2 protein chains.
Amino acid sequence: MTHSEENYLKAIFHLGRQGTSAISTNAIAEQMDTKPSSVTDMVKKLSEKGLVHYKRYQGVSLTAAGRASALAIVRKHRLWEVFLVEKLNFSWDEVHEVAEQLEHIKSEKLIDQLDRLLEFPKYDPHGDPIPGKNGEFQERDKQLLSKLPLRAVGVCVGVKDSSADFLKFLDKNNIALGNEIEVLDREAFDNSLHIRVGDHQLRVSHQIASNLFVKPNEH
Amino acid sequence: MTHSEENYLKAIFHLGRQGTSAISTNAIAEQMDTKPSSVTDMVKKLSEKGLVHYKRYQGVSLTAAGRASALAIVRKHRLWEVFLVEKLNFSWDEVHEVAEQLEHIKSEKLIDQLDRLLEFPKYDPHGDPIPGKNGEFQERDKQLLSKLPLRAVGVCVGVKDSSADFLKFLDKNNIALGNEIEVLDREAFDNSLHIRVGDHQLRVSHQIASNLFVKPNEH
DNA sequence: ACAAATTTTTAGTTTTGTCTAAATATAATT
DNA sequence: AATTATATTTAGACAAAACTAAAAATTTGT
Ligand SMILES: [Mn+2]
Ligand SMILES: [Mn+2]
Ligand SMILES: [Mn+2]
Ligand SMILES: [Mn+2]
């Protein structure tokens, strides 16, 4: 499988996890920053290889084989991200670009041993779950901060947008995975929040709050 | 720079370290397991980019820029090989194939941090020197075992042929880097040697002996 | 239901890296 | 020096992955 084929499978997989319906050519093109006509070409090839279901004009979805391949790539991507943060002193906003390259390295032993070296991590630096060797993975019980009721308390466990810009914003404001977050107040006008993170307080826009995942505390 | 361009530069660099003359199209083709016509095409492109000196029918050599690029790739290749052996439990006959992939990953921080994680190794698992960040590297003082005089003692410091077959042969016969080797006898007929490796003895063919590097003991 | 807008596909090009077959230059041999 | 052999380059083709522009199918709006 080529790098390009792998990237398409991964894109289709990620789009499939958002909305559950069939995935459109345009959506894939946008995700991959390419043209719809290129997508059509590639989707045909993936279909020939039995990796996606495809009927023209009807969108695509992954076959079992395609899903397995996509999960393998996601597993590699996230393990490498952990490696970069834990062993090579990368910050969480720097890892994605390099992991995009490393995810294509082909060696089963490499990835199994990397998993061992990292002591079998369950989540990547952005809080996303790392699929196991056989593709199994459990999404964490989490909620967008913006959906939390007033006075609710939770632990920050992930980001929805993992762009460098957003991650650097979080760093600058001392918000990190594992922090306790409490919703102190919600501004009705723009849905911005007044929150407590650990022992400091700040105001965050709705856009910020709707890109932060928290695991609500049991009560 | 593409993977293919990088592979050509590396091949030219390695050929240049054997014989010092201009490197022939055919030699590159053989080294890269491709056709001479493909080499000509690529060499033209590398020449356009100022990475090799090239006049048709006269062979190629690296420019300063080309040499620097080649050294950067060799550095990455060998650091990754150390990583695979030291951190991921690979044996020295398994690392090359994976390093061929990893050497193309682009990230300066990645390779600097990898260097640090490995505690700035000077040599790779096959005894080959690892170029520094600025391309500087010192070839070790070493000699082929086959060239050693009778009764001479040395330390095994490298292999010339690092094919999996040869490396597995060495493993099987308990010959490893760092072992002390003494030449006990030389058979005039076929130049095979009777040697001592640490505390065991064995006979090795001339072909074996001429692919093992030793650092002769001062006397 | 029909026209307009949007989405998707097709057709034809481009770039990169490879190949085969043929032509040309260099090297070796008589 | 001429012939033969070898090495190298050119010419033309191909596959992969992208693109643009145009055609076709689908969806939307009235
Ligand atoms: Mn990522
Ligand atoms: Mn991630
Ligand atoms: Mn190697
Ligand atoms: Mn090596």
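Just so we're clear, the structure is a prediction, and the values are computed from it rather than from any experiment.
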Among pairs that include at least one residue of residues 23-57 of chain B, which meet ring-ring contact (aromatic ring centres under 6.0 Å, His included), considering only residues two or more places apart or in two chains?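 Non-adjacent pairs meeting ring-ring contact (aromatic ring centres under 6.0 Å, His included): zero.
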Nearest to the side chain of B:Thr40, which nucleotide is it out of D:dT8, D:dA11, C:dT8?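 Given the options D:dT8, D:dA11, C:dT8, the side chain of B:Thr40 is closest to D:dT8.
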Are any of A:Tyr54's side-chain N or O atoms less than 4.0 Å away from OP1 or OP2 of C:dT8?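 No.
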With nearest nucleotides of DNA chain D determined for B:Val39 and A:Arg56 from heavy-atom distances, which residue corresponds to the more 5′ nucleotide?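 Looking at DNA chain D, the more 5' nearest nucleotide goes with B:Val39.
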Between A:Asp190 and A:Ser192, do the side chains contain a donor N or O and an acceptor N or O under 3.5 Å apart?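 Their side chains do contain a donor-acceptor pair, which is all the 3.5 Å distance test asks for.
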Could you tell me how far apart A:Lys44 (NZ) and C:dA11 (P) are, to the nearest whole angstrom?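 The distance from NZ of A:Lys44 to P of C:dA11 comes to 8 Å, rounded to the nearest Å.
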What is the ring orientation for B:His126 with B:Trp92, classed by angle as parallel under 30°, tilted 30 to 60°, or perpendicular over 60°?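 Because their plane-to-plane angle is under 30°, the rings of B:His126 and B:Trp92 count as parallel.
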For D:dA7 and B:Ser24 - does any side-chain N or O of the residue sit under 4.0 Å from the phosphate oxygens OP1/OP2?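 False: B:Ser24 side-chain N/O out of range (4.0 Å or more) of D:dA7 OP1/OP2.
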Test of understanding: with salt bridge (charged side-chain N to carboxylate O under 4.0 Å, His left out), list the residues that count as partners of A:Lys168, not counting sequence neighbours.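 With neighbours one apart ignored, the set is empty.
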Sole residue of B:Lys10, B:Glu6, B:Glu81 in side-chain contact (heavy atoms from CB on, under 4.5 Å) with B:Glu103: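 By the side-chain contact (heavy atoms from CB on, under 4.5 Å) criterion, B:Glu103 pairs with just one of B:Lys10, B:Glu6, B:Glu81: B:Lys10.
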With salt bridge (Lys or Arg N to Asp or Glu O under 4.0 Å) as the rule and sequence neighbours excluded, what pairs involving residues 51-62 of chain B come up?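 Qualifying pairs, neighbours excluded: none.
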For residues 107-123 of chain A, run the donor-acceptor check on the side chains, cut-off 3.5 Å, and write out each pair with its distance to 0.1 Å, sequence neighbours left out.
residue	atom	partner	partner atom	Å
A:Ser107	OG	A:Leu110	N	3.0
A:Glu108	OE2	A:Lys133	NZ	3.0
A:Lys109	NZ	B:Glu94	OE1	2.9
A:Lys109	NZ	B:Glu94	OE2	3.4
A:Asp112	OD1	A:Lys133	NZ	3.4
A:Asp112	OD2	A:Lys133	NZ	2.9
A:Gln113	OE1	A:Arg116	NE	2.8
A:Gln113	OE1	A:Arg116	NH2	2.9
A:Gln113	OE1	B:Asn89	ND2	3.0
A:Asp115	OD2	A:Arg75	NH2	3.2
A:Arg116	NH2	B:Lys87	O	3.0

Does B:Tyr57 contact C:dT24 through a side-chain donor or acceptor facing the base, at a distance under 3.5 Å?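 In this structure, the two groups form a donor-acceptor pair.
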For B:Ser163 and B:Asp165, does a side-chain donor sit closer than 3.5 Å to a side-chain acceptor?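 The criterion, which ignores hydrogens and geometry beyond distance, is not satisfied for B:Asp165 and B:Ser163.
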With respect to the side chain of A:Met42, which nucleotide from D:dA18, D:dT26, C:dT26 is positioned closest?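 Of all the options, the side chain of A:Met42 is nearest to D:dA18.
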Short of 4.0 Å, heavy atom to strand atom, which residues of residues 2-16 of chain B count as contacting DNA chain D?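 Correct list: empty, so none.
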Tell me which nucleotide among C:dT9, D:dT26, C:dT18 gets nearest to the side chain of A:Thr25.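 That would be C:dT9.
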Output the rounded distance in Å from CD (B:Glu48) to P (C:dT15).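 Going from CD in B:Glu48 over to P in C:dT15 covers 14 Å.
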It should be established whether B:Ser37 places a side-chain nitrogen or oxygen under 4.0 Å from OP1 or OP2 of nucleotide C:dC19.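 Looking at the OP1 and OP2 atoms of C:dC19, neither is under 4.0 Å from any side-chain N or O of B:Ser37.
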Could you give the CD-to-C1' distance, from A:Gln58 to C:dT8, as a whole number of Å?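 Computing the A:Gln58:CD to C:dT8:C1' distance gives 10 Å.
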Which heavy-atom pair separates A:Leu9 from A:Ser69 by the least distance, and what is that distance?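 So the minimum-distance heavy-atom pair works out to CD1-CB, 3.7 Å.
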By a strict heavy-atom criterion of less than 4.0 Å, which residues belonging to residues 26-36 of chain A are in contact with DNA chain D?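 The stretch gives A:Thr34, A:Lys35 as the residues lying under 4.0 Å from the strand, ordered by number.
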Without decimals, in angstroms, what is the distance between A:Lys55 NZ and C:dT9 P?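 Going from NZ in A:Lys55 over to P in C:dT9 covers 13 Å.
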Distance, rounded to the nearest Å, where B:Asp41 contributes CG and C:dT20 contributes P: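 Rounded to the whole Å, the gap is 13 Å.
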